[in-house]
Amino acid sequence: RHAGEGSAHVFARKFLPDFKNQFGDVSLTVKTRDEPEGTERTKGPYTITTDTSEVSIRARGRFVTFEMSGTGEFRQGAPRILATAKGSRV
């Protein structure tokens, strides 16, 4: 998702999972870019267990993608991401 006009970037600090019927672990990978076809930066994968309440991700970019996969079963509810808009780095 585009963070805004001009040089605004998203600084995603935490991912708060909301999985229903989770059996097994879920793997979360965060990918960011500053431009649509720019260099992709990857954070993770992070392992989310049934006991995980939050994941510290510290990812920054104008475009942010969250990819999830699991070794068992899970249904995604309404996950929350703690993020702020930041200016670009010079």
Side-chain angles (χ1 to χ4, degrees):
R1 182 165 190 110
H2 193 275
E5 298 300 322
S7 62
H9 283 64
V10 169
F11 178 56
R13 292 179 295 187
K14 292 184 181 183
F15 177 86
L16 299 130
D18 182 18
F19 298 126
K20 308 292 183 197
N21 305 323
Q22 180 181 348
F23 300 102
D25 295 340
V26 175
S27 179
L28 169 70
T29 302
V30 182
K31 297 181 179 184
T32 63
R33 294 176 190 259
D34 291 332
E35 300 298 329
E37 299 300 323
T39 302
E40 185 175 80
R41 294 178 300 275
T42 302
K43 295 285 220 159
Y46 303 98
T47 300
I48 301 172
T49 68
T50 55
D51 295 325
T52 303
S53 61
E54 65 181 44
V55 180
S56 179
I57 54 178
R58 302 185 52 81
R60 178 189 179 99
R62 286 180 65 208
F63 300 89
V64 181
T65 303
F66 295 87
E67 295 179 355
M68 289 172 265
S69 62
T71 57
E73 292 183 27
F74 68 96
R75 184 178 64 128
Q76 183 174 321
R80 290 163 289 164
I81 297 142
L82 279 89
T84 55
K86 297 286 186 180
S88 65
R89 291 184 179 170
V90 179

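In what follows, residues are counted from 1 in the order of the sequence shown. Predicted, not measured: the structure shown is a model, and the values here were computed from it.
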Open item on the list: In the structure I gave you, are the side-chain heavy atoms of Phe15 and Met68 within less than 4.5 Å of one another anywhere?
Closed with: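 A side-chain contact exists here, since the closest heavy-atom pair is under 4.5 Å.
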Open item on the list: Using side-chain heavy atoms (C-beta onward) and a distance below 4.5 Å, is Leu82 in contact with Leu16?
Closed with: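 With C-beta onward as the side chain, the pair touches.
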If every non-hydrogen atom of [X] is compared with every non-hydrogen atom of [Y], which pair is closest and at what distance?
{"X": "Gly61", "Y": "Thr32", "result": "CA-CB, 4.2 Å"}
{"X": "Phe74", "Y": "Ser69", "result": "CE2-C, 3.9 Å"}
{"X": "Ala12", "Y": "Ile57", "result": "O-CG1, 3.5 Å"}

Task: Cationic N near anionic O, under 4.0 Å, Asp34 to Arg41 - done: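 Looking at Arg41 together with Asp34, the answer is yes, because their closest N to O distance falls below 4.0 Å.
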Task: Atom pair NZ/CZ of Lys43 and Phe66 - distance to nearest 0.5 Å - done: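 Between Lys43 NZ and Phe66 CZ, I get 12.0 Å after rounding to 0.5 Å.
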Check residues 19-29 and write down every donor-acceptor pair under 3.5 Å in which the side-chain atom is one partner and the other belongs to a residue at least two apart or another chain.
{"residue": "Lys20", "atom": "NZ", "partner": "Asp18", "partner atom": "OD1", "Å": "3.2"}
{"residue": "Gln22", "atom": "NE2", "partner": "Gly24", "partner atom": "O", "Å": "3.1"}
{"residue": "Gln22", "atom": "NE2", "partner": "Ile48", "partner atom": "O", "Å": "3.1"}

Tell me whether [X] contacts the main-chain N or O of [Y] through its side chain, where contact means a donor paired with an acceptor under 3.5 Å.
{"X": "Thr42", "Y": "Lys31", "value": "no"}
{"X": "Thr52", "Y": "Glu54", "value": "no"}
{"X": "Arg33", "Y": "Gly38", "value": "yes"}

TODO: Evaluate the criterion side chain to side chain contact (heavy atoms under 4.5 Å, CB included) for residue pair Arg13 and Thr84; output intermediate values, then yes/no.
DONE: CA-CA 8 Å; Arg13 292 179 295 187; Thr84 55; 3.9 Å; yes
Open item on the list: Please enumerate all residues that pass side-chain hydrogen bond (donor to acceptor under 3.5 Å, both in side chains) together with Gln76, with sequence neighbours excluded.
Closed with: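 By the side-chain hydrogen bond (donor to acceptor under 3.5 Å, both in side chains) rule, Gln76 matches no residue at all.
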Task: Cluster link Phe11 to Ile81, ILVMFWY, side chain under 4.5 Å - done: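 Per the 4.5 Å side-chain linkage, Phe11 and Ile81 are not co-clustered.
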Open item on the list: Counting only heavy atoms not in Glu40 (residues, nucleotides, ligands), do more than 12 fall under 6.0 Å from its CD?
Closed with: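 Counting neighbours around CD of Glu40, more than 12 heavy atoms of other residues, nucleotides or ligands fall under 6.0 Å, so yes.
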